[in-house]
Amino acid sequence: MQEYDVIVVGGGHAGCEAAAATANLGSQTLLITMDMTKFAAMSCNPAIGGIAKGQIVREIDALGGYTALVTDKSSIQFRMLNKSKGPAMWSPRSQCDRTLFSLEWRKMLENTKNLDFWQDTVTSVVVENNQIKGVKTALGVEFRAKAVVLTNGTFLNGLMHVGKSQVRGGRASEPASYGLSDQLGEIGFSVKRMKTGTPVRIDGRSIDFSRLQEQKGDEIIETFSYMSNAENHLPQRSCYIVYTSNHVHSQLRLGLKESPLFSGVIKGVGPRYCPSIEDKIVTFAEKERHQLFLEPEGVETNEYYLNGFSSSLALDVQFAALRKIEGLEDCKIFRPGYAIEYDYFDPTQLNHTLETKRVQNLFFAGQINGTTGYEEAAAQGLMAGINAHLKINEKEPFILQRDEAYIGVLIDDLVTKGVDEPYRMFTSRAEYRILLRQDNADARLTPKGYELGLVTNQRYDFFVRKQDSILKLIQFAEEFSIKPEFINEYLISKETTELKQTVKLKTVLLRSQVAFFDLLNFIAPLQRLHETLDLRNKEVYDAAEILIKYESYIERERLVADKIKRLENVAIREDFDYTRLNSLSTEATQKLTKIKPKTIGQASRISGVSPSDINVLLVYLGR
C-alpha cells in the first residue's frame, strides 16, 4: 500500500478539518473513516455555532478551514445571538440541513488535492521506538505514514443506553471501534470514560405547531464565512419553543428507578452544561418547567430534534412524557433519545500542538481529548492537522495564544488543566473576549493562515481589501464634521439627544443607538466614499463602528494581555526536576511534574499551582 505523509483516522468534524488542512498544506494525506456517507455527521443537534462556539467557527474560517463554508451552504436559519449585549458577546449560530451539511463536506474533501480516502476501521497504531509509523485496520490492511491524527469521536468502545437496553456502537445504527484504546493503554496512555447523549427525534407531521411559540431567524441573513455570499442560502425554516411541565416531570420520575444514569450502570461523566432531562428534574427539582427547542433537521424532511430533552430513560417513559408536552400530545417519534459512553484520553498527555508527549508524530483531536461539540472538535482537528504537517517537515509549530483566539484558550485549557467532564467552550473561559470577537477573527488570524500557506491568495486579497475599507471609514469618522441639521432627525428617531453644534462624526458614533451603516442615508460625503470602497457591505461598517465605539476598552485589554504575556516568554526546560524545590507545595510539585509546562505562564494556569509557587519558580529561574 502507498505510504502517506499523514493519516487521519475518523471522518467527523475534527477528522475532516485535519485532513483538509494537511492536504491543502501539501502533505499526501489518507482519511480513514468507517462510513464515507457520513462525513462530519451532526450526531446531536443540527446546528453550528452558538455562544463562543460561533467565534471558534469564524476563527477556523479565518485560518482557511472549511466548517464555515459548509455551514453557509447548508444553513436553513441564521441568528446572531446576544445582540442586546456588547459585541464581545455576539455569537453567530446556524441551523443546518443535516444531510446537506455532510454532503457538502464530502464535496469539499473530494475536491481537495493530495487527499485519498479509505473506508475501514482502524484497530491499532504502528509504533516503533516511541514514534508513530502507521495504522492497521479491521480488514487487515496496514498503512504507513510519517504522522497520524486520531479523531475517533465517541466510537472508542462506545456503548449506548436506552433504559435497561444497551447497544454497542459509536452512534445510532453505527458500530463502535475496538482495540485502539486497549493498545494505547498498554503503551502507557491514561484512558478514561465519558458520557454524552442525544434527544428523541420527532415526526413533524404529528406536531401541532399552532400551539407552539415560533422562533424565526434574523431578517438580515448573515454568513459564517468571510468568503460566503448570503444569496446562496437555502429557504429559511423556523424553530419552535416548547416547555415541560409538572405533568411531564411526574411522568419522567416514574422511570428514574430504572434509569442507567441513576442506577450506576453509566460510569462515564456527562456534560454539566448540557444535562439530560432526567438530570434536570432531579438537580433542579424546584423548577416547574424547562424550556425546550424544536429544531428542523432539514428543508426536505419532517424530522425534528427536541433540543434540551436528551435522555437515557426507557422508551415508554420518554414517549409518555413527550405526549404530555403542549403541542406534542399526538406526536410520533422516529427514534428515542439515548446516552452513549465512550473512551477518551487525558488531554494533559498532549503538547500544545496536540501531539502526544508519549509517542512522537501521533496527534489527538476532538472528543477523544474530552471535549464536546462540533466546533471544539473542528478547531482541534484543524490545529492538529497543521502541526502534523509542520512536524514532519521540520518546521516551527503553530500555537495560538490565549489572547489570539478562542482556539488558543481551548487547547491551553485542555493540555494545562485537563478535564473532569466533557469540555465545552464559553465566552467566560476567555480572559480577553473583547479582543477575541467574532467580527475580527480574520484580522487576528488570516495573516497567520496566509503565512502558513493555508489561506489562499483570493482569500488574503479579500481580507486586505476589507481592512483597507475599514481604515478608510474610521479615518472618515475621525475627520468629518457633521452639522445638526443633517443628522438630528435620525438621532430623534433613535431616541437619543439632538446635536446642538457641529461635531466630529466619531463623537456621534460613540452613542450606542447610532449605527454607522444607517448614516449612509444622511451624509452625502459618506455616500461618495461608499462608492469608492473596495468592499461596501454592512459587515465592513459594523467592524469600523466596533473599533470606534470600544477603542478604549480594546486598548486597555491589549495592555493587560501584553503584561501577562511576558510570563509566556519565560521558558521552563522539559526535564526540569520540580522535586528539587522544597519551597513548592506538594500539590504543585505533583501537577508540574505530570503536565511539564513549557512556560511560567502555562504553569500559572495549572489548577493547584498557587501564585506563591510561581514566585518560587521565578526566583529559581532568576526572574
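Positions are given from 1, in the same order as the sequence printed here. The shown structure was predicted, so the numbers you read here are calculated from the model rather than taken from an experiment.
Listed for the T198 side chain is no donor-acceptor partner under 3.5 Å among the backbone atoms of C44. In this structure, D218 contributes its side chain and I220 its backbone to no donor-acceptor pair below 3.5 Å. Panel note: side chain D72, backbone F224; a donor-acceptor pair is recorded below 3.5 Å. Panel note: side chain T151, backbone G10; a donor-acceptor pair is recorded below 3.5 Å. With hydrogens and angles disregarded, a donor-acceptor distance shorter than 3.5 Å links the side chain of D97 to the backbone of V299.
At a threshold of 4.5 Å between non-hydrogen side-chain atoms, the residues L400 and I411 do not count as touching. With a 4.5 Å cut-off on side-chain heavy atoms, L519 and L509 count as touching. L390 is listed as a side-chain neighbour of I386, based on a closest heavy-atom distance under 4.5 Å. Within the 4.5 Å cutoff, the side chain of E431 has no heavy atoms near those of the V560 side chain. Residues D442 and F462 fail the side-chain proximity criterion, which asks for heavy atoms closer than 4.5 Å. At least one side-chain heavy atom of L63 sits less than 4.5 Å from a side-chain heavy atom of F398. Contact of the F39 side chain with the L31 side chain is registered, since non-hydrogen atoms from C-beta on lie closer than 4.5 Å.
Considering only residues two or more places apart in sequence or on other chains, K146 meets the side chain to side chain donor-acceptor pair (under 3.5 Å) condition with D5. Under the side chain to side chain donor-acceptor pair (under 3.5 Å) criterion, K85 pairs with no residue, sequence neighbours left out. Here H352 pairs with nothing under the ring pair (Phe, Tyr, Trp, His ring centres under 6.0 Å) rule; sequence neighbours left out. Contacts of R536 classified as salt bridge (Lys or Arg N to Asp or Glu O under 4.0 Å), with partners at least two apart in sequence or in another chain: E531. A search for side chain to side chain donor-acceptor pair (under 3.5 Å) contacts involving D468 returns K472, not counting sequence neighbours. I241 meets the side chain to side chain contact (heavy atoms under 4.5 Å, CB included) test with Q213, Q215, Y243, Q291, F293; sequence neighbours excluded. For Y553, the ring pair (Phe, Tyr, Trp, His ring centres under 6.0 Å) test picks out no residue, with sequence neighbours left out. Residues meeting the side chain to side chain donor-acceptor pair (under 3.5 Å) test with E479, sequence neighbours left out: Q475. Not a single ring pair (Phe, Tyr, Trp, His ring centres under 6.0 Å) links F486 to another residue, sequence neighbours left out. In this view, F517 and Y541 satisfy the ring pair (Phe, Tyr, Trp, His ring centres under 6.0 Å) rule, not counting sequence neighbours.
Rounded to the nearest 0.5 angstrom, K506 NZ and I548 CD1 are separated by 7.0 Å. How far CD of Q95 is from OG of S74: 11.0 Å, rounded to the nearest 0.5 Å. Y374 OH to I56 CD1: the interatomic distance, rounded to the nearest 0.5 Å, is 14.5 Å.
A donor-acceptor contact closer than 3.5 angstrom links the side chains of D61 and S225. Side chains of S238 and Q77: a donor-acceptor N/O pair is absent below 3.5 angstrom, by distance only. Using modelled atom types and a 3.5 Å distance limit, the side chains of S228 and T223 yield no donor-acceptor pair. Residues T496 and R511 bring a donor and an acceptor atom of their side chains to less than 3.5 Å of each other.
Note on E375 versus R93: no salt bridge recorded, every NZ/NE/NH1/NH2 to OD/OE distance being 4.0 Å or above. The pair K53-E376 meets the salt-bridge criterion, with a side-chain N (NZ, NE, NH1 or NH2) lying under 4.0 Å from an Asp/Glu carboxylate O. For R402 and E568, the salt-bridge test fails: no basic side-chain N is under 4.0 Å from an acidic carboxylate O. A salt bridge does not link R605 to D413: none of the charged side-chain nitrogens sits closer than 4.0 Å to a carboxylate oxygen. Salt-bridge annotation for E59 and R444: present, with a side-chain N of the basic residue lying under 4.0 Å from a carboxylate O of the acidic one.
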Checklist line | From CA spacing to verdict: side chain to side chain contact (heavy atoms under 4.5 Å, CB included), L435, R558 | finding: CA-CA 7 Å; L435 301 179; R558 170 47 60 199; 3.4 Å; yes

Next item on the list: Go through the steps to decide whether Q438 and M80 satisfy the test side chain to side chain contact (heavy atoms under 4.5 Å, CB included), and finish with yes or no.
Entry: CA-CA 10 Å; Q438 61 84 29; M80 184 66 77; 3.8 Å; yes

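In this structure, the ring of Y304 has its center less than 6.0 angstrom from the ring center of F209.
E104 approaches K73 most closely through the heavy-atom pair OE1-CD, 3.4 Å.
Applying the salt bridge (charged side-chain N to carboxylate O under 4.0 Å, His left out) rule to pairs touching residues 492-503 yields K494-D518, sequence neighbours excluded.
Cation-pi contact between R58 and Y226: present, with separation from the ring centre below 6.0 Å and deviation from the ring axis of at most 45°. A cation-pi arrangement is absent between R437 and Y550, since the terminal nitrogen or guanidinium carbon is not both under 6.0 Å from the aromatic centre and inside a 45° cone about the axis.
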Taking distance alone, no hydrogens or angles, what donor-acceptor pairs closer than 3.5 Å link side-chain atoms of residues 13-26 to residues at least two apart or in another chain?
from: H13; atom 1: NE2; to: A40; atom 2: O; distance (Å): 3.3
from: H13; atom 1: NE2; to: A41; atom 2: O; distance (Å): 3.1
from: E17; atom 1: OE1; to: Y66; atom 2: N; distance (Å): 3.2
from: E17; atom 1: OE2; to: Y66; atom 2: N; distance (Å): 3.1
from: E17; atom 1: OE2; to: T67; atom 2: N; distance (Å): 2.8
from: E17; atom 1: OE2; to: T67; atom 2: OG1; distance (Å): 2.6
from: T22; atom 1: OG1; to: A18; atom 2: O; distance (Å): 3.2
from: T22; atom 1: OG1; to: A19; atom 2: O; distance (Å): 3.1
from: T22; atom 1: OG1; to: T29; atom 2: OG1; distance (Å): 2.9
from: N24; atom 1: ND2; to: A20; atom 2: O; distance (Å): 3.0
from: N24; atom 1: ND2; to: Y66; atom 2: OH; distance (Å): 3.0

